[in-house]
Amino acid sequence: MQHQSGKASDQDAYELALKALGYKERTESELRRWLAEREVGEAEIEEVIALLAEAGAIDDASFARRYADDKRLLAGWGPVVSLRGGPWSG
């Protein structure tokens, strides 16, 4: 619920963030942008991001690993091969 100023309260911002994460996993940057587009103030965004990060609800490193794994599986790529130290390293 938004207040008369048109800005979301901290609780509203937190609920908005949970709603966004319920639809799909997002990076911290995506979630910041999504909240800003809904006129959530910068201070509220900072607080919500801190709470969600502390709770493990947003984790960019974990997101990147899952994203890469999903792309690899869906595209039929084989296991990732490191060229460093292998026969191709020269």
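Everything numeric in this text was worked out from a predicted model, so none of it was measured. Just so it is clear, the values below take in all heavy atoms, side chains as well, and ignore hydrogens, waters and symmetry mates.
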With sequence neighbours excluded, what pairs up with [X] under the side chain to side chain contact (heavy atoms under 4.5 Å, CB included) test?
{"X": "Lys24", "value": "Arg26, Glu30"}
{"X": "Ala57", "value": "Leu21, Leu52"}
{"X": "Ala53", "value": "Ile58"}

- Message: Holding to salt bridge (charged side-chain N to carboxylate O under 4.0 Å, His left out), I want the full list of residues that pass it with Glu25, two or more places apart in sequence or in another chain.
- Response: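 Partners of Glu25 by the salt bridge (charged side-chain N to carboxylate O under 4.0 Å, His left out) criterion, ordered by chain and then number, come out as Arg66.
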
- Sequence neighbours excluded, which residues qualify as salt bridge (charged side-chain N to carboxylate O under 4.0 Å, His left out) partners of Glu42?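 For Glu42, the residues satisfying salt bridge (charged side-chain N to carboxylate O under 4.0 Å, His left out) (neighbours in sequence not counted) are Arg32.
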
State, to 0.1 Å, how close [X] and [Y] come at their nearest heavy-atom pair, and which atoms those are.
{"X": "Leu31", "Y": "Ala20", "value": "CD1-CB, 3.9 Å"}
{"X": "Ile45", "Y": "Ala36", "value": "CD1-N, 3.8 Å"}
{"X": "Trp34", "Y": "Leu16", "value": "CZ3-O, 3.3 Å"}

- Would you indicate whether Glu37, at its atom CD, is surrounded by more than 12 heavy atoms from other residues, nucleotides or ligands within a distance under 6.0 Å?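 Yes.
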
